[in-house]
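If you're wondering where the values come from, they're calculated on a predicted model, not measured in any experiment.
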Amino acid sequence: MLASQERPNFVFILTDDQQYGLMGCTGNPIVKTPNLDQLAKDGVLFTNAHVTSAICTPSRASILTSQFERSHGINFNSGTSMSEEGWRNTYPMVMRENGYYTGWVGKNHVPVGKGGYSSGLMEKSFDYWYAGHGHLGFYPKERHSIFKDAKSDTQVEVIQEGIDDFLSNEKKLEGAITFLDKRPEDKPFMLSVCFNLPHGNGTSSMQQRETDDEIYKSLYRDQDLPLPEHYVAKKDIKTPKLPPSIHRASDRQDIYDYVDEPETLKERYTRQLQALTGIDRLVGQLRATLKKQGLDRNTIIIFTSDHGLFMGQFGLGGKAFCYEQTTHVPMIVYNPREKKKNRGLTTDALVQSIDVAPTMLAMAGIAIPDTYQGKDLSKLLSGEVAEVRDYVFTENLWSTQFGNPRCEAVQDKEWKYIRYYKNETFPAQKKIAAAKALGIDVNGMLYKVHDIDLAMYRSFAEGPLQGEEPVYEELFHLAKDPEETANLATDARYAQKLGEMRKVWASEIKRARGTEPPMVLRYTADSEAERGVMIQPK
């Protein structure tokens, strides 16, 4: 382990629902993100970074644990929370155990401990906690009492106050949970900053209030924003991207209905851009604060997102797929301690969100737990190696009443193979109809998870490893078709390549599953009812 004075500080920034092309440095010609663009110029920009699961909870659990979902076993439909044993292996806990002062600001969307979000385990696990479980909305004080003393009302600015409080060492925010009066100056720190933006739960609740910053009221509204390439309005869909038996678009969550028409899509896109510019300003203020306090030369900043999002491309809305639009995310690592020749670089190395935790531990001189499945990127950052893996594996196990397809994918820099399984989930439309007819709460009907769902989820995870065959396959030549427009799986000319990728899948899914059972606890509406607790979906 490195001596305390030699160990770097870390700030890990995680956005929500941020598709790759939402920053200037990732090719967006409209959005104003000068501070993120500068961070990329000062650090390393990864142009081929991917999540493991393209939906919030499993993706965030994967970042925390450095495990694929099949190993950690946590999703909205899994009926589980992370056990205390599993929580001890997460990067914040390992770093705290090894002498780091730890903080968490913003959003948590991973149930941890007995009773999940109500266990209190996460709140007790950090030296500084200023966060809400589940969605924050654009106005977090209206959802979470912990933010009640914030001067600001809007999410990015509330989170900014938490960051400033953590870094200032003054502890002025009465709502924040702290266990020391001051951050010890002889200890390095690890601060996780987690947004609920530009996620739809935040952008849909933007109201252009008089008290909102001008960014969120008028920015980009004087421009005629373009529709995404390959955008298809609902009324114009002739041939769906996926067969209806695989993806029941008619059961899609109504929160994505904005993609159906150009005008509602443009309004949501405007709000996404506004949110990104707000986040960008926060990054600039963060770096200025670090410099003012003399912390800038020893603080590593890592920026990424939990997954991307479809914005009407091919008529699709949402995120629970294995396509590039949902799995490909921005990733920037800025290490001021790195040699200048290794900064300001762009790399197309295949990296994943599960690489964040082992990379931070390696850079902190901390041994990486045996449970971690990600790669240490520190040698890639220093230029010692050019690649860390040959293939990326992604998966979607959130197959629910909303018609989502259960699928897995493997890809290298040239090819991607996706396989889909039989979709027999009970339709959301029928659940909604029954709930309305009987006066049952619709959200409870749709989102509460019961013990039977736990069993179903486990069958989803284990089925393909036990011989379950796909009912549909896709093969894309990414080098020539990066937007995945032409499925070559049934083209006889690519039969050999299809066979090769199937073999890669067979190997990668076994590696993703691992050999140990998931470190989880039962966490369902049934388990909580037995304890006399009524849980509400997060």
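- The shortest heavy-atom contact between Ser62 and Glu69 is OG-N, 3.9 Å.
- Ring pair Tyr117/His109 is tilted by interplanar angle, where 30° to 60° counts as tilted.
- Aromatic ring pairs are classed by plane angle as parallel below 30°, tilted from 30° to 60° and perpendicular above 60°; the pair Phe10 and Tyr100 is tilted.
- Here the CG atom belonging to Leu136 is positioned 5.5 Å from the CZ atom belonging to Phe147, to the nearest 0.5 angstrom.
- Ring geometry, Phe166 versus Phe189: the interplanar angle exceeds 60°, so the pair is classed perpendicular (tilted spans 30 to 60°).
- Between Phe126 and Phe179, the gap from one ring centroid to the other reaches at least 6.0 Å.
- A side-chain donor from one of Asp280 and Asn35 sits under 3.5 Å from a side-chain acceptor of the other.
- Side chains of Gln253 and Tyr447: a donor on one and an acceptor on the other come within 3.5 Å.
- Partner of Asp153 under the salt bridge (Lys or Arg N to Asp or Glu O under 4.0 Å) criterion, out of Lys141, Lys148, Arg143, Arg209: Lys141 alone.
- The only member of Glu508, Glu516, Glu395 that meets salt bridge (Lys or Arg N to Asp or Glu O under 4.0 Å) when paired with Arg70 is Glu395.
- Aromatic ring centroids of His307 and Phe321 lie 6.0 Å or more apart.
- Here the closest non-hydrogen pair linking Val156 and Leu282 is O-CD1, 3.5 Å.
- Residues in residues 97-120 take part in these salt bridge (charged side-chain N to carboxylate O under 4.0 Å, His left out) pairs, two or more places apart or across chains: Asp16-Lys107.
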Test log, rule salt bridge (Lys or Arg N to Asp or Glu O under 4.0 Å), inputs Asp212 and Lys217 = CA-CA 7 Å; Asp212 290 357; Lys217 290 190 290 186; over 6 Å; no

